[in-house]
Amino acid sequence: SGKKWRTLIHYWTAMFFKDDFMQDWVRNQDTPQMAMSCASKKGFVDFYQIEPSLILYGLQEKFNQNDNIRMVLLSTGSVTIKYAGSRGFLSENNRYGRLLMRVREIYQE
């Protein structure tokens, strides 16, 4: 869309909302915690409510914009990536690790 996002959490949180005004409201919050607070005030707290393709897209864009972290990701070859988060949407069933491996596959193709 050509918009710049402060963090991946800002992007993912904004995707709870369908209209541009609300997405921009979230996008312009100072911190990821403030962005998440905007969503929770509107009753959105579950990342399962976001289309999975939007989650993957946001992560892929993060790597598109940073050559250094993309090269680190590619240097992992074909090993299984395990996310060491302690709780939440990304840590459940190694969701973040699987997303990282999917992005790596996209770059390897």
Side-chain angles (χ1 to χ4, degrees):
S1 67
K3 293 180 180 180
K4 299 287 184 191
W5 299 90
R6 292 174 191 248
T7 69
L8 193 51
I9 295 299
H10 280 81
Y11 169 75
W12 284 342
T13 304
M15 294 302 106
F16 282 118
F17 302 99
K18 300 299 180 203
D19 65 90
D20 287 340
F21 176 80
M22 293 302 289
Q23 287 182 359
D24 285 341
W25 178 54
V26 172
R27 185 172 60 89
N28 290 315
Q29 297 301 306
D30 290 335
T31 66
Q33 294 80 6
M34 291 172 74
M36 292 285 293
S37 177
C38 292
S40 65
K41 286 177 187 175
K42 296 293 184 181
F44 298 113
V45 292
D46 187 354
F47 276 100
Y48 290 106
Q49 295 172 287
I50 301 173
E51 177 67 35
S53 64
L54 293 174
I55 292 175
L56 182 62
Y57 174 79
L59 188 58
Q60 189 175 351
E61 282 300 303
K62 176 180 180 172
F63 285 93
N64 285 343
Q65 295 172 25
N66 189 315
D67 293 336
N68 292 333
I69 64 170
R70 184 173 58 248
M71 296 312 292
V72 169
L73 179 65
L74 288 170
S75 74
T76 63
S78 61
V79 299
T80 300
I81 298 173
K82 300 253 183 179
Y83 177 62
S86 60
R87 61 183 170 83
F89 174 81
L90 293 175
S91 61
E92 184 178 303
N93 297 319
N94 194 37
R95 181 171 283 110
Y96 195 62
R98 289 181 311 172
L99 286 165
L100 290 171
M101 290 184 288
R102 178 64 190 124
V103 170
R104 179 180 65 195
E105 288 171 7
I106 291 168
Y107 285 121
Q108 290 172 338
E109 290 175 353

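One is the number of the first residue; the rest follow in order along the sequence. From a predicted model like this one, the values you see are computed outputs, not experimental measurements.
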**Report entry** Spacing of Asn28 atom CG and His10 atom NE2 [to the nearest 0.5 Å]
**Finding:**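 Atom-to-atom, Asn28:CG and His10:NE2 are 8.0 Å apart.
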
Quick one: are [X] and [Y] in side-chain contact, heavy atoms under 4.5 Å?
X: Arg104; Y: Ile81; result: yes
X: Tyr96; Y: Leu59; result: yes
X: Asp24; Y: Lys3; result: yes
X: Tyr11; Y: Leu54; result: yes

Applying side-chain contact (heavy atoms from CB on, under 4.5 Å), name anything that partners [X], two or more places apart in sequence or on another chain.
X: Ile69; answer: Lys62, Phe63, Asn66
X: Thr80; answer: Lys82, Met101
X: Ile106; answer: Leu56, Gln60, Arg102
X: Lys42; answer: Phe17, Met22, Trp25, Phe44

Query raised in the report: Does Arg27 use its side chain to pair, donor to acceptor, with the backbone of Ala14 at less than 3.5 Å?
Result: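 Not confirmed, Arg27 side chain does not pair with Ala14 backbone.
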
**Report entry** All salt bridge (Lys or Arg N to Asp or Glu O under 4.0 Å) counterparts of Asp67, not counting sequence neighbours
**Finding:**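 Applying salt bridge (Lys or Arg N to Asp or Glu O under 4.0 Å) to Asp67 gives Arg70.
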
Report task. Can you sort out the partners of Arg98 under salt bridge (Lys or Arg N to Asp or Glu O under 4.0 Å), two or more places apart, ordered by chain and number? Result ->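 None.
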
